[in-house]
K.L.:
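Submitted below is the structure of interest, expressed as structure tokens.
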Amino acid sequence: MTDESMSEQSAPLQPPTAQRIPFQRTFHGDTFTDPYAWMRDKDSPQVRDYVAAQNRYCDARMAGLAGLRATLFDELKSRIQQTDMSVPTRINDYWYFSRTLTGQQYGLQCRMPVRSADDWEPPSVDATSQPGSMPGEEIIFDANREAEGHDFFRLGGLDLSRDGRWMLYGVDTRGDERYDFRIRDLSSGVELPDALDGIGGASLTPDGQWVFYVMVDDAWRPYAVRRHHVGTPVAEDVEVYRESDERFWVGVGMSFDERHVVIGTGSKTTTEVWMLPMDNPEGEFSVFIPRQTDIEYDVSFACFEGAGEHGEDVPLAIVYHNAMNPNFEIDVIDMRSHKPPYQLGEGTRVAVGSPYGCEQGDRFESGARARRIGEAYVNPVNPAIVQGAHGLAIEGLAIYRHFVALSYRTDGLPRVAVMTKEQAAADFLAGRPWAFRELVPPALDDDWDVEPSLDDDDAVDDAAGPHPHAAVGGDGISADGDAGDAGDADVQSLRMVNTWDGAADDLLPGETRRLYSIGSGGNPSYEAPRMRYSFSSYTRPGELHDINPCTGEDRLLKRAAVLGDFDPRNYMERRVWITARDGEQIPVSLAWRRDMPVSHSAMFITGYGAYEISSDPGFSVARLSLLDRGVLYAVPHIRGGGEMGRAWYEQGRRLNKRHSFEDFVDATVALQEAGLADRRRTVANGGSAGGLLMGAVANMAPDRFAGIEADVPFVDALTSILDPSLPLTVTEWDEWGDPLHDADVYRYMKSYTPYENAPDAGNAGVGGVSGVGGAVAPVFPKIFVTTSMNDTRVLVVEPLKWVARLQAAGVDAIVKIEVEAGHGGTTGRYKQWEEVSYENAWCLSVMGVHY
């Protein structure tokens with residue numbers, strides 16, 4: 001359904017013109033005329049022709065950037081150690097690790113047998129050796145070989161039996177997130193005839209005899225769990241659970257202690273857990289705690305070995321929930337008291353989040369809802385390490401044989417605290433707060449953000465200003481939340497300082513220091529004597545450490561290699577706080593090259609702000625090519641994400657969704673008005689729900705952005721969420737509201753959804769493109785869109801329609817459409833490097849940076 005302008009004889013740099021066929025969508029007395037609804041049939045010849053024409057136009061427009069793309073790709077490739085390996089991790093009787101080889105798109109999964117039952121020291125493996133050449137080394141999965149003949153390949157799960165003989169694995173070769181699972185005998189390499197095709201996920205029991213797997217319906221919703229006896233026909237499989245509520249998704253796996261098969265089912269706001277003892281795999285699942293509307297919980301199991309009065313073990317259930325506290329709490333239940341089912345709130349509270357600003361905050365503490373999200377929070381139940389924290393959110397508790405780890409968030413950043421198992425048992429049985437100590441990443445030698453000789457008073461840069469929430473509360477807790485934990489002496493001797501090196505004198509409240517993400521992942525074994533943790537920052541490559549909680553000894557296991565002359569000390573990071581239009585303070589993270597002062601710089605600003613997903617600091621080799629060209633990298637941590645806990649999410653969803661867009665615009669304006677960034681060289685970026693953000697801010701503040709890159713953008717959200725037959729729609733009502741049945745939600749969503757509010761051929765203004773409501777915007781930003789034909793999360797029709805409408809209105813818009821890919825784009829590391837180089841070349845060109 002395209003006209004003659006889409007033919008091969010069209011002017012080479014003119015976009016294809018899509019035929020306009022009016023289609024009326026009427027709800028709640030409102031009629032919207034959609035001229036491009038015909039694009040929904042992605043398999044029609046007309047749509048296929050249109051996609052091909054758009055890709056030809058994109059190729060023509062981007063041809064002039066081929067040299068810059070190649071330069072960026074070469075820079076990226078030259079900085080990455082292409083032949084590499086991970087640190088081996090012990091699981092049962094093997095050490096597992098992955099390898100990558102120069103020239104190969106995918107990694108190899110390998111293993112070596114442990115040397116003895118008490119072998120917890122990772123073996124030394126030569127990363128440059130040939131895979132399989134080390135003594136006892138096996139290659140158990142070579143994704144390069146498995147991907148042969150496929151343009152798209154993604155591993156969707158890999159599970160092993162306890163003895164290491166049987167391997168269950170699933171692959172997606174289409175990009176539609178439906179996986180085909182197979183079972184392989186690693187002792188012989190023979191694959192069993194059992195074929196579990198087109199499913200959502202699967203889990204192998206430790207004995208290798210059973211597979212529990214998730215079925216997916218026509219709307220791509222994981223809705224049921226089936227049981228398969230290995231070696232029997234799939235047709236004989238039995239359904240063991242079905243979820244009838246269309247808002248709920250289902251998953252299945254093994255409990256951490258491998259004593260139960262666990263089914264988790266949940267919507268965006270409600271969860272439920274069902275359990276089956278592993279010693280009775282053909283039995284009936286039982287609910288751990290019955291679901292309650294708008295209550296989320298999860299459960300794990302452990303024990304305090306030998307901690308009972310007579311030396312017996314104390315079995316524990318660790319329940320994470322928000323029944324009493326909207327920002328979640330952790331309760332530990334002594335399971336000797338009685339058998340399941342249990343009640344939410346039962347047991348001993350170990351940690352509770354801050355209810356301040358939460359919609360249901362008053363249920364936990366009178367007046368909490370009206371208090372500021374970032375106000376310092378004090379609760380006598382909590383460990384000393386989190387007393388006085390700002391925006392405190394509790395995220396999890398992990399109990400192992402030798403140590404316990406607490407995950408939480410404060411000041412918009414993830415944190416981890418650790419303690420010995422012995423101390424945890426003593427605190428639990430004594431009924432006192434647990435004595436956690438925060439994990440602090442070791443500082444780099446001679447780094448700019450530490451100075452051993454400085455006292456605390458001298459370590460504060462007055463120009464950076466106080467903590468944005470320090471004046472609130474009057475609770476006697478210092479601004480950094482310190483409530484008296486002495487901490488590690490070595491850590492105390494390396495104090496973080498604020499510095500103004502390389503930054504403009506902009507007077508924005510904030511501090512210049514490394515901004516870390518830290519997590520205690522990589523601990524699959526309950527028996528491990530040391531705890532592994534990883535961290536990275538925007539400018540410091542990731543590191544994997546392990547720590548002995550008893551002695552505090554911290555060892556570096558691996559630091560991600562960045563080749564060439566890279567030195568993290570040449571790059572700066574900073575957290576600033578800007579005031580949004582409603583008075584809320586929004587954290588913004590910045591990174592730049594130290595020898596390029598930040599003043600009216602080109603800026604790459606990116607955000608997400610949805611689903612309570614936090615945009616935490618992380619290292620990117622590709623980002624270095626931007627920073628080295630003088631680009632300021634900015635991340636506004638806007639509401640709708642989870643950076644400051646549950647209230648942060650609640651204030652950016654449903655009928656508060658416009659806060660996400662306003663926060664992003666206000667952060668952009670603040671950085672520009674402070675003299676840090678030049679609006680004429682500012683490019684914004686976001687993907688998926690962040691792509692909706694991009695479309696919205698383009699409409700709201702077109703003059704603040706020179707360009708906008710939107711990846712798989714959710715730009716036709718209202719149309720999609722009005723159609724319950726589409727993938728994900730019903731589950732999305734908890735996130736965005738239900739416009740199908742609620743007229744207020746319909747009107748609210750229509751006020752911001754990018755497609756309805758985008759400029760159109762019928763409302764273009766003189767000297768530019770009209771903005772929302774017909775007001776003439778002086779300039780509309782250039783638009784670059786990426787999308788995929790097989791995306792099941794954001795259907796390709798959404799970005800196609802949006803681009804067609806923009807192009808018809810005269811907006812400089814380009815779309816790159818992957819024919820064989822899904823929501824995550826292409827697969828294979830070299831393909832992904834080419835893709836990010838392609839996108840960054842466009843961004844730099846819009847910024848006026850062509851070298």
Side-chain angles (χ1 to χ4, degrees), residues 87 89 120 318 320 330 350-351 353 382-424 427 433-445 447 449-450 480-496 513-525 528-538 540-560 568 573 575 614 616-619 643:
V87 177
T89 297
W120 292 102
I318 302 99
Y320 171 78
I330 294 171
V350 174
N382 274 337
I385 195 69
V386 299
Q387 296 291 355
H390 306 88
L392 175 64
I394 303 301
E395 298 201 324
L397 182 76
I399 297 181
Y400 297 79
R401 177 174 287 278
H402 299 286
F403 58 86
V404 178
L406 174 69
S407 300
Y408 60 102
R409 305 187 67 87
T410 181
D411 281 327
L413 292 169
R415 307 290 177 94
V416 173
V418 66
M419 65 188 302
T420 66
K421 181 75 164 289
E422 182 180 11
Q423 183 65 54
D427 290 343
W434 292 22
F436 285 101
R437 296 168 62 236
E438 184 179 359
L439 268 180
V440 179
L444 286 173
D445 292 339
D447 202 6
D449 72 340
V450 292
D480 62 3
D482 185 5
D485 189 338
D488 184 82
D490 291 335
V491 172
Q492 281 194 327
S493 68
L494 295 176
R495 296 188 174 91
M496 297 293 182
R513 61 181 179 87
R514 301 277 184 207
L515 303 171
Y516 294 103
S517 289
I518 187 168
S520 60
N523 296 284
S525 175
R530 301 171 66 93
M531 187 185 85
R532 289 188 179 184
Y533 73 94
S534 59
F535 71 91
S536 67
S537 79
Y538 289 111
R540 185 170 164 184
E543 296 183 8
L544 177 66
H545 289 243
D546 71 10
I547 187 170
N548 185 326
C550 296
T551 66
E553 179 195 10
D554 188 302
R555 301 188 306 181
L556 172 66
L557 298 178
K558 184 178 180 64
R559 178 181 290 121
E573 299 179 56
R575 169 64 58 81
S614 300
D616 290 327
F619 187 78
E643 286 87 341

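Values below: every heavy atom of this structure, side chains too, minus hydrogens, waters and symmetry copies.
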K.L.:
Determine, step by step, whether S537 and S517 satisfy the side chain to side chain contact (heavy atoms under 4.5 Å, CB included) criterion, reporting the C-alpha distance in whole Å, the side-chain angles of both residues, the deciding distance to 0.1 Å, and the verdict.
P.N.:
CA-CA 6 Å; S537 79; S517 289; over 6 Å; no
K.L.:
Can we say R514 and D447 salt-bridge, meaning some charged N sits less than 4.0 Å from an Asp/Glu carboxylate O?
P.N.:
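Counted as a salt bridge, because a side-chain N and a carboxylate O are separated by less than 4.0 Å.
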K.L.:
Might you work through the salt bridge (charged side-chain N to carboxylate O under 4.0 Å, His left out) test for R513 and D449, ending with a clear yes or no?
P.N.:
CA-CA 5 Å; R513 61 181 179 87; D449 72 340; over 6 Å; no
K.L.:
Looking at P414 and I518, what are the two nearest heavy atoms and their distance?
P.N.:
O-CG2, 3.5 Å
K.L.:
When you look at CD of E422, are more than 12 heavy atoms from neighbouring residues, nucleotides or ligands closer to it than 6.0 Å?
P.N.:
no
K.L.:
Could you tell me if the side chain of S525 sits less than 4.5 Å from the side chain of W120, heavy atoms only?
P.N.:
yes
K.L.:
Where is the tightest heavy-atom contact between S536 and F619, given as atom of each residue plus distance?
P.N.:
OG-N, 3.8 Å
K.L.:
Can you confirm whether M531 sits close enough to L439 that some side-chain heavy atom of one is under 4.5 Å from a side-chain heavy atom of the other?
P.N.:
yes
K.L.:
Between E643 and R409, is there a side-chain N and carboxylate O pair less than 4.0 Å apart?
P.N.:
no
K.L.:
Tell me, with the steps shown, if K421 and I399 meet side chain to side chain contact (heavy atoms under 4.5 Å, CB included).
P.N.:
CA-CA 8 Å; K421 181 75 164 289; I399 297 181; 3.5 Å; yes
K.L.:
Within this structure, what is the CG-CG distance for the pair D546 and L557, rounded to the nearest 0.5 Å?
P.N.:
4.5 Å
K.L.:
Side chains of D616 and Y538: is there a donor and an acceptor less than 3.5 Å apart?
P.N.:
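There is no such pair between these side chains.
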K.L.:
Using the side chain to side chain contact (heavy atoms under 4.5 Å, CB included) definition, which of the options I385, N382, V386, V418 pairs with F436?
P.N.:
I385
K.L.:
How many angstroms lie between atom CH2 of W434 and atom CD1 of I330, to the nearest 0.5 angstrom?
P.N.:
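One finds 9.0 Å between CH2 of W434 and CD1 of I330.
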K.L.:
Evaluate the criterion side chain to side chain contact (heavy atoms under 4.5 Å, CB included) for residue pair L556 and E543; output intermediate values, then yes/no.
P.N.:
CA-CA 7 Å; L556 172 66; E543 296 183 8; 3.7 Å; yes
K.L.:
Taking all non-hydrogen atoms of both residues into account, name the closest pair between G519 and V416 and its distance.
P.N.:
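Taking every non-hydrogen atom into account, CA-CG2, 3.9 Å.
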K.L.:
Looking at OG1 of T410 and CG of L392, how far apart are the two atoms once the value is rounded to the nearest 0.5 Å?
P.N.:
6.0 Å
K.L.:
Considering non-hydrogen atoms only, spot the tightest contact between A435 and Q423 and give its length.
P.N.:
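That would be CB-CG, 4.3 Å.
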K.L.:
Side-chain contact test, heavy atoms from C-beta onward, threshold under 4.5 Å: evaluate it for R415 versus L406 and give yes or no.
P.N.:
no
K.L.:
Do you see a donor-acceptor pair shorter than 3.5 Å between the side chains of T89 and R532?
P.N.:
yes
K.L.:
Has the side chain of N548 got a donor or acceptor atom that lies under 3.5 Å from a matching backbone atom of C550?
P.N.:
yes
K.L.:
A side-chain contact here means heavy atoms from C-beta on lying under 4.5 Å apart; do D427 and P433 qualify?
P.N.:
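No, side chains not in contact.
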K.L.:
Would you please test R540 and E573 for salt bridge (charged side-chain N to carboxylate O under 4.0 Å, His left out) and show each step?
P.N.:
CA-CA 10 Å; R540 185 170 164 184; E573 299 179 56; over 6 Å; no
K.L.:
Looking at Y400 and N523, would you say the former's side chain and the latter's main chain have a donor-acceptor pair under 3.5 Å?
P.N.:
yes
K.L.:
Using only atom types and a distance under 3.5 Å, with no angle test, would you say the side chain of D411 pairs donor to acceptor with the backbone of G391?
P.N.:
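Side chain of D411 to backbone of G391, a donor-acceptor pair under 3.5 Å: no, none is there.
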K.L.:
Could you pull out the closest heavy-atom pair between A560 and P541, with the gap in Å?
P.N.:
O-CB, 3.6 Å
K.L.:
State, with a plain yes or no, whether a side-chain heavy atom of P442 is found less than 4.5 Å away from one of D554.
P.N.:
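The answer is yes; the side chains approach within 4.5 Å.
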K.L.:
Using the ring of each side chain (for Trp, its six-membered ring), is H545 parallel, tilted or perpendicular to Y533, with breaks at 30° and 60°?
P.N.:
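Because their plane-to-plane angle is under 30°, the rings of H545 and Y533 count as parallel.
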K.L.:
What is the minimum heavy-atom distance between A405 and S520, and which atoms define it?
P.N.:
CB-OG, 4.1 Å
